[in-house]
K.L.:
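The structure is given below, and queries will be raised subsequently.
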Amino acid sequence: LVQNDIKRVLAYSTVSQLGYMFVAAGVGAYWVAIFHLYTHAFFKALLFLGAGSVIHAMSGEQDMRRMGGLKGKIPVTFATMFIASLAIAGIPGLAGFFSKDEIIWQTYSSPLGSRFLTVVGLITAAMTAFYMWRLMFLTFYGPGRMDERTRQHVHESPRTMTVPLMVLAAGSALAGWLGVPKLFGLPAFFQSFEHWLEPVFEPVSTIARDGAEHAGHAAEMFLMGVSIVLALGGIYVARYVYLKLRADQRPTGGLLYPVLYNKWYVDEIYDLVFVRGLSLGGGAACARFDSGVVDGGVNGTAWATRFVSTVSMWWDTWIVDGLVNLGAFTVRALSFPVRFLQTGFLQSYALVFVLGLILIFGYYWVR
């Protein structure tokens with residue numbers, strides 16, 4: 001509703017239309033979900049390619065606030081995107097009308113649906129018409145807001161780009177006629193899409209089909225009328241805000257606008273919770289745990305091992321080796337006199353033996 005990048009508007013729009021498809025699947029109308037996927041393929045592909053044609057004409061500019069007045073300068077791009085914007089808004093006769101109206105009807109009539117889902121679908125229809133025509137009015141209508149250099153180079157895209165746009169415009173206008181509601185009383189050909197998918201979805205779509213038949217055509221016509229009025233109302237509000245009001249008069253204040261402009265702060269919340277919280281904060285906590293506990297335990301074990309080995313080495317050196325060395329020293333000290341006699345040489349022993357005999361004979365001689 002408030003984005004200014006033309007491609008971003010379409011990207012978020014795609015998410016919204018996917019929501020429609022899931023709603024249809026959720027209430028058991030599976031063929032309707034596929035039907036909207038089929039019609040959406042035409043007008044959303046056209047819108048994205050058309051946005052590319054606009055960006056090409058604007059020399060790469062994507063900000064719609066710097067566009068405007070392109071209606072007469074790129075007429076083929078304008079005409080095809082005009083058809084696609086009417087189709088996605090749900091204007092009768094175009095592809096988006098048939099599939100979107102069928103989804104809203106199924107949320108009301110299916111036993112698996114609810115009035116709440118119907119209201120959500122109707123509000124979304126009005127929002128879709130508003131934001132798509134906000135895009136159209138900012139891009140193609142009003143005075144040009146681009147710089148002079150860009151203004152001079154604005155030109156229609158080549159046929160390699162415009163011919164696919166025209167083909168998709170035809171699909172955006174006609175593709176929905178394969179799923180016309182039965183209340184219009186047209187031949188079976190105009191319900192070809194539903195019949196074509198019956199072999200796949202017949203077993204699971206009976207509940208939704210029975211609910212639609214039970215609700216009656218009057219309620220379906222009423223919801224269809226409400227959807228059309230809301231779509232036209234969304235277009236009118238977009239026209240009033242972005243064509244009638246000056247830029248400084250447009251609503252950009254209050255609490256809701258910044259929330260929408262910042263995309264519900266999803267990116268900021270994600271950054272706070274996951275990037276800064278879990279990734280950075282959690283990473284820092286893990287780093288502290290790893291450094292303090294894991295590495296601390298390893299380093300503490302290493303310090304304890306070194307301390308114990310130091311004490312063991314001191315004990316081994318001074319106590320164990322000291323006692324051994326003390327015993328060796330004592331033996332060496334006590335054996336010192338003996339080493340003069342116990343030389344291991346035979347001549348020494350013979351000399352001692354002879355000297356002993358001389359002493360003995362001398363002793364007896366003296367006696």
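Here, residue 1 is the first one in the sequence, and each next residue gets the next number.
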K.L.:
For residues M224 and L183, determine if any side-chain heavy atom of one lies less than 4.5 Å from a side-chain heavy atom of the other.
P.N.:
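Of all side-chain heavy-atom pairs linking L183 with M224, at least one is under 4.5 Å.
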
K.L.:
Are any side-chain N or O atoms of D271 and backbone N or O atoms of D267, one a donor and one an acceptor, separated by less than 3.5 Å?
P.N.:
no

K.L.:
Report, as yes or no, whether the 6.0 Å neighbourhood of atom CZ on R145 holds more than 12 heavy atoms from other residues, nucleotides or ligands.
P.N.:
yes

K.L.:
How far apart are the closest heavy atoms of A231 and I91, and which atoms are they?
P.N.:
CB-CD1, 4.4 Å

K.L.:
Please determine whether residues L122 and F222 belong to a single hydrophobic cluster, defined as Ile, Leu, Val, Met, Phe, Trp and Tyr linked transitively by side-chain heavy-atom distances below 4.5 Å.
P.N.:
yes

K.L.:
Please determine if K7 and D5 form a salt bridge, counting it only when a charged side-chain N lies under 4.0 Å from a carboxylate O.
P.N.:
no

K.L.:
Kindly work out whether a path of hydrophobic side-chain contacts (I/L/V/M/F/W/Y, heavy atoms less than 4.5 Å apart) joins Y141 to Y240.
P.N.:
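The answer is yes; both residues are in one hydrophobic cluster.
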
K.L.:
Should I6 and I83 be regarded as members of a common hydrophobic cluster, given that ILVMFWY residues are connected when their side-chain heavy atoms come within less than 4.5 Å of each other, either directly or indirectly?
P.N.:
no

K.L.:
I would like to know whether T77 and H56 meet side-chain contact (heavy atoms from CB on, under 4.5 Å); could you show each step before the answer?
P.N.:
CA-CA 11 Å; T77 301; H56 173 77; over 6 Å; no

K.L.:
Hey, what do you get for CG (L46) to OG (S85), rounding to the nearest 0.5 Å?
P.N.:
8.0 Å

K.L.:
Side chains of S227 and K100: is there a donor and an acceptor less than 3.5 Å apart?
P.N.:
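The answer is no; no qualifying pair exists.
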
K.L.:
Should W264 and Y131 be regarded as members of a common hydrophobic cluster, given that ILVMFWY residues are connected when their side-chain heavy atoms come within less than 4.5 Å of each other, either directly or indirectly?
P.N.:
yes

K.L.:
To the closest 0.5 Å, what do you measure between OG (S13) and CE (M132)?
P.N.:
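Atom-to-atom, S13:OG and M132:CE are 6.0 Å apart.
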
K.L.:
Identify the heavy atoms of V32 and S99 that sit nearest to each other, and give their distance.
P.N.:
CG1-O, 4.2 Å

K.L.:
Going by distance alone, is a donor N or O of one side chain under 3.5 Å from an acceptor N or O of the other, for E61 and T150?
P.N.:
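Side chains of E61 and T150: no pair found under 3.5 Å.
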
K.L.:
If you take all heavy atoms of A87 and A95, which pair is closest and at what distance?
P.N.:
CB-N, 4.4 Å

K.L.:
For the pair F130 and Y242, name the ring-plane relationship: parallel under 30°, tilted 30 to 60°, perpendicular over 60°.
P.N.:
tilted

K.L.:
More than 12 foreign heavy atoms under 6.0 Å from CZ of F184: is that the case here?
P.N.:
yes

K.L.:
Among all residues two or more places apart in sequence or in another chain, which pass the salt bridge (Lys or Arg N to Asp or Glu O under 4.0 Å) test with D316?
P.N.:
none

K.L.:
Are side-chain heavy atoms of E194 and F35 found at a separation under 4.5 Å?
P.N.:
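Contact flag for E194/F35 side chains = no.
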
K.L.:
Going through the checks in order, is the side-chain contact (heavy atoms from CB on, under 4.5 Å) test met by I74 and S157?
P.N.:
CA-CA 8 Å; I74 48 175; S157 300; 5.9 Å; no

K.L.:
Please confirm whether the backbone N or O of H153 pairs with a side-chain atom of H155, one donor and one acceptor, at under 3.5 Å?
P.N.:
yes

K.L.:
Around atom CZ of R276, are there more than 12 heavy atoms of other residues, nucleotides or ligands at under 6.0 Å?
P.N.:
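No.
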
K.L.:
Hey, what's the ring geometry for W31 with F193, parallel, tilted or perpendicular (30° and 60° as the breaks)?
P.N.:
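Geometry flag for F193 against W31: tilted rings.
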
K.L.:
Would you say R151's side chain and M146's backbone share a donor-acceptor pair under 3.5 angstrom?
P.N.:
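Judged by distance alone, yes, a pair lies under 3.5 Å.
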
K.L.:
Apply side-chain contact (heavy atoms from CB on, under 4.5 Å) to the pair M161 and L49, showing each step before the final yes or no.
P.N.:
CA-CA 8 Å; M161 297 175 70; L49 290 176; over 6 Å; no

K.L.:
Please test E220 against E102 for side-chain contact (heavy atoms from CB on, under 4.5 Å), starting from the C-alpha separation and ending with a verdict.
P.N.:
CA-CA 9 Å; E220 185 174 3; E102 190 67 30; 4.2 Å; yes

K.L.:
In this structure, would V237 and M127 fall into the same cluster of hydrophobic residues linked by side-chain contacts under 4.5 Å?
P.N.:
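Yes.
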
K.L.:
Please check this pair: side chain of Q191 against backbone of V180, looking for a donor-acceptor N/O pair closer than 3.5 Å.
P.N.:
yes

K.L.:
Give the other cluster members for F353, using side-chain heavy-atom distances under 4.5 Å between Ile, Leu, Val, Met, Phe, Trp and Tyr residues; answer none if it is isolated.
P.N.:
L357, F361

K.L.:
Ignoring hydrogens and geometry, is there a side-chain-to-backbone donor-acceptor pair from S335 to R332 under 3.5 Å?
P.N.:
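Yes, because the side chain of S335 sits within donor-acceptor range (under 3.5 Å) of the backbone of R332.
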
K.L.:
Check this for me, if you would: do R65 and D63 make a salt bridge, where the nitrogen-to-carboxylate-oxygen distance has to be below 4.0 angstrom?
P.N.:
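Looking at D63 together with R65, the answer is yes, because their closest N to O distance falls below 4.0 Å.
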
K.L.:
Side chain of Q249, backbone of R246: donor and acceptor closer than 3.5 Å?
P.N.:
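Between the backbone of R246 and the side chain of Q249 there is a qualifying donor-acceptor contact (under 3.5 Å).
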
K.L.:
Report, as yes or no, whether the 6.0 Å neighbourhood of atom CE on M166 holds more than 12 heavy atoms from other residues, nucleotides or ligands.
P.N.:
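Counting other residues, nucleotides and ligands, CE of M166 exceeds 12 neighbours.
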
K.L.:
Rounded to the nearest 0.5 Å, what's the gap from CG on L117 to CD on Q106? Could you check?
P.N.:
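Between L117 CG and Q106 CD, I get 12.0 Å after rounding to 0.5 Å.
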
K.L.:
Side-chain contact test, heavy atoms from C-beta onward, threshold under 4.5 Å: evaluate it for K182 versus F190 and give yes or no.
P.N.:
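SC-SC contact between K182 and F190 ruled out.
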
K.L.:
For a quick test of reading the model, state the closest non-hydrogen atom pair linking G121 to I104 and the distance between them.
P.N.:
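For G121 and I104, the tightest heavy-atom pair comes out as O-CD1, 3.9 Å.
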
K.L.:
Would Y12 and R8 count as having a side-chain donor-acceptor pair, cut-off 3.5 Å?
P.N.:
no

K.L.:
With ring pair (Phe, Tyr, Trp, His ring centres under 6.0 Å) as the test, pick out the partner of W177 among F97, F98, Y38.
P.N.:
F98

K.L.:
Is there side-chain contact between L178 and W196, with at least one heavy-atom pair below 4.5 Å?
P.N.:
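With C-beta onward as the side chain, the pair stays apart.
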
K.L.:
Determine whether the aromatic ring centres of residues F82 and W133 are separated by less than 6.0 angstrom.
P.N.:
yes

K.L.:
Are the side chain of T139 and the backbone N or O of L135 linked by a donor-acceptor pair below 3.5 Å?
P.N.:
yes

K.L.:
Side chains of V120 and V23, heavy atoms from C-beta outward: is any pair under 4.5 Å?
P.N.:
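No, their side chains stay 4.5 Å or more apart.
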
K.L.:
Is a side-chain donor-acceptor pair under 3.5 Å present for T118 with T107?
P.N.:
yes

K.L.:
Applying ring-ring contact (aromatic ring centres under 6.0 Å, His included), name anything that partners Y257, two or more places apart in sequence or on another chain.
P.N.:
none

K.L.:
Measuring from H36:NE2 to M21:CE, what's the distance to the nearest 0.5 Å?
P.N.:
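Spacing of NE2 (H36) from CE (M21) equals 5.0 Å.
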
K.L.:
Return the CZ to CE distance between F43 and M81, rounded to the nearest 0.5 Å.
P.N.:
13.0 Å

K.L.:
Check whether any side-chain heavy atom of R134 lies under 4.5 Å from a side-chain heavy atom of L1, and answer yes or no.
P.N.:
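The answer is no; the side chains never approach within 4.5 Å.
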
K.L.:
Taking all non-hydrogen atoms of both residues, which atom of P251 and which atom of V241 are closest, and how far apart?
P.N.:
CD-CG1, 3.9 Å

K.L.:
Quick one: closest heavy-atom pair of G142 and L243, and the distance?
P.N.:
N-CD2, 4.0 Å

K.L.:
Please check this pair: side chain of D290 against backbone of C286, looking for a donor-acceptor N/O pair closer than 3.5 Å.
P.N.:
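Here the side-chain-to-backbone pair does not exist.
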
K.L.:
Can you check whether L70 reaches F78 side chain to side chain, under 4.5 Å on heavy atoms?
P.N.:
no

K.L.:
Any chance you could measure Y364, atom OH, to I360, atom CD1, to the nearest 0.5 Å?
P.N.:
7.5 Å

K.L.:
For the backbone of L165 and the side chain of T80, can you confirm whether one donor and one acceptor N or O come within less than 3.5 Å of each other?
P.N.:
no

K.L.:
Report yes or no: does S172 contribute a side-chain atom to a donor-acceptor pair with the main-chain N or O of A84 at less than 3.5 Å?
P.N.:
no

K.L.:
Are side-chain heavy atoms of E156 and K73 found at a separation under 4.5 Å?
P.N.:
no

